[in-house]
Amino acid sequence: MAAMLISRRSIQLVLVVAAVVAIAGAVHAAAGETTATTTHIKVYWHDVVSGPSPTAVQVARAATTNSSASFFGAVVVIDDPLTSGPDLNASSPVGRAQGTYVSAGKDTVALLMNMNFVFQSGRYNGSTVAIMGRNEVFAAVREMAVVGGTGVFRWARGYAQARTHTFDMKTGDATVEYNLYINH
Ligand SMILES: *[C@@H]1O[C@H](CO)[C@@H](O)[C@H](O)[C@H]1NC(C)=O
Ligand SMILES: *[C@@H]1O[C@H](CO)[C@@H](O)[C@H](O)[C@H]1NC(C)=O
Ligand SMILES: *[C@@H]1O[C@H](CO)[C@@H](O)[C@H](O)[C@H]1NC(C)=O
């Protein structure tokens, strides 16, 4: 009986110690976050839907999508080039935007963006930033959340602002300026 009590006590003690260690770790991690740096990255995102080698392809659509001006229910997979300047052919490549966007607005063209910016040059080469948010494409500025990252951008939190640079009504191709503000 006594032995059982003791062992129960020691189990409780172990649990208490474990909890204290866990809390100390969490406090330490929270303190670490305050030392994070903020990085600003400006890139141009090219959504090429036309031509022989599109980088954005529609993979699904709702039965009602065709009759809706908002394209509600359309799903597009992207592997869009990211460049340092607005000209896709003349600017140096920075990486790719890989993911999906879903037309999620019934009455407005509002996309749910779900993509990774995959950096393939410079000091961020090999690192990624995960972006998820609402993109009401005809608004002047659209803000989306930076929800995470890898490599240089581990523990990333922040936001992205998108501004349309050019939109070709005939082809549907678009170039969008993205400014990322990332704490990591
Ligand atoms: C939507 O329109 C395209 C042509 O514009 C047609 O090929 C397709 O079958 C239509 N889809 C639906 C679900 O009506
Ligand atoms: C970029 O080059 C492609 C062909 O390589 C061409 O079709 C396209 O018009 C060019 N875009 C610009 C903005 O010059
Ligand atoms: C980026 O990193 C990869 C893998 O390490 C390397 O092969 C490639 O040459 C690098 N690209 C640039 C532009 O530095």
Side-chain angles (χ1 to χ4, degrees), residues 25-26 28-60 74-104 109 111-137 139-184:
H28 184 75
E33 271 171 28
T34 62
T35 63
T37 55
T38 301
T39 299
H40 171 216
I41 297 171
K42 178 175 160 177
V43 292
Y44 290 84
W45 176 100
H46 304 274
D47 206 40
V48 182
V49 300
S50 69
S53 183
T55 62
V57 291
Q58 185 172 282
V59 295
V75 180
V76 176
V77 176
I78 61 168
D79 185 357
D80 283 347
L82 300 172
T83 59
S84 59
D87 187 329
L88 175 56
N89 296 336
S91 308
S92 45
V94 171
R96 315 288 298 189
Q98 298 177 336
T100 57
Y101 56 79
V102 178
S103 194
V109 187
L111 307 177
L112 168 63
M113 309 296 289
N114 180 18
M115 59 186 172
N116 286 308
F117 277 18
V118 183
F119 294 96
Q120 293 170 330
S121 73
R123 78 193 135 117
Y124 309 131
N125 190 5
S127 298
T128 68
V129 169
I131 295 172
M132 188 181 215
R134 180 172 185 265
N135 182 4
E136 190 180 336
V137 296
V141 184
R142 293 87 73 183
E143 189 164 307
M144 289 160 253
V146 167
V147 295
T150 65
V152 173
F153 300 112
R154 278 179 192 163
W155 304 107
R157 305 267 285 168
Y159 65 98
Q161 287 185 328
R163 292 173 177 81
T164 301
H165 183 266
T166 48
F167 175 60
D168 188 326
M169 294 290 272
K170 241 190 284 174
T171 62
D173 293 350
T175 295
V176 179
E177 179 188 315
Y178 269 82
N179 281 279
L180 311 184
Y181 300 89
I182 309 162
N183 281 353
H184 57 101

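Whatever order the structure lists ligands and atoms in, that order sets their numbers, starting from 1.
- Put simply, CG on Asp80 and NE2 on His46 are 9.0 Å apart, with the number rounded to the nearest 0.5 Å.
- Rounded to the nearest 0.5 Å, atoms OG1 (Thr55) and CG (Asp47) are 5.5 Å apart.
- For Phe117 and Tyr124, the ring centers are positioned 6.0 Å apart or more.
- Not counting sequence neighbours, the partners of Glu136 by the salt bridge (Lys or Arg N to Asp or Glu O under 4.0 Å) test are Arg134.
- A tilted orientation is assigned to the rings of Tyr101 and Trp45, their planes being inclined by 30° to 60°.
- The residues lining ligand 3, counting any heavy atom closer than 4.0 Å, are Gln120, Ser121, Asn125.
- Aromatic ring pairs are classed by plane angle as parallel below 30°, tilted from 30° to 60° and perpendicular above 60°; the pair His165 and Tyr44 is perpendicular.
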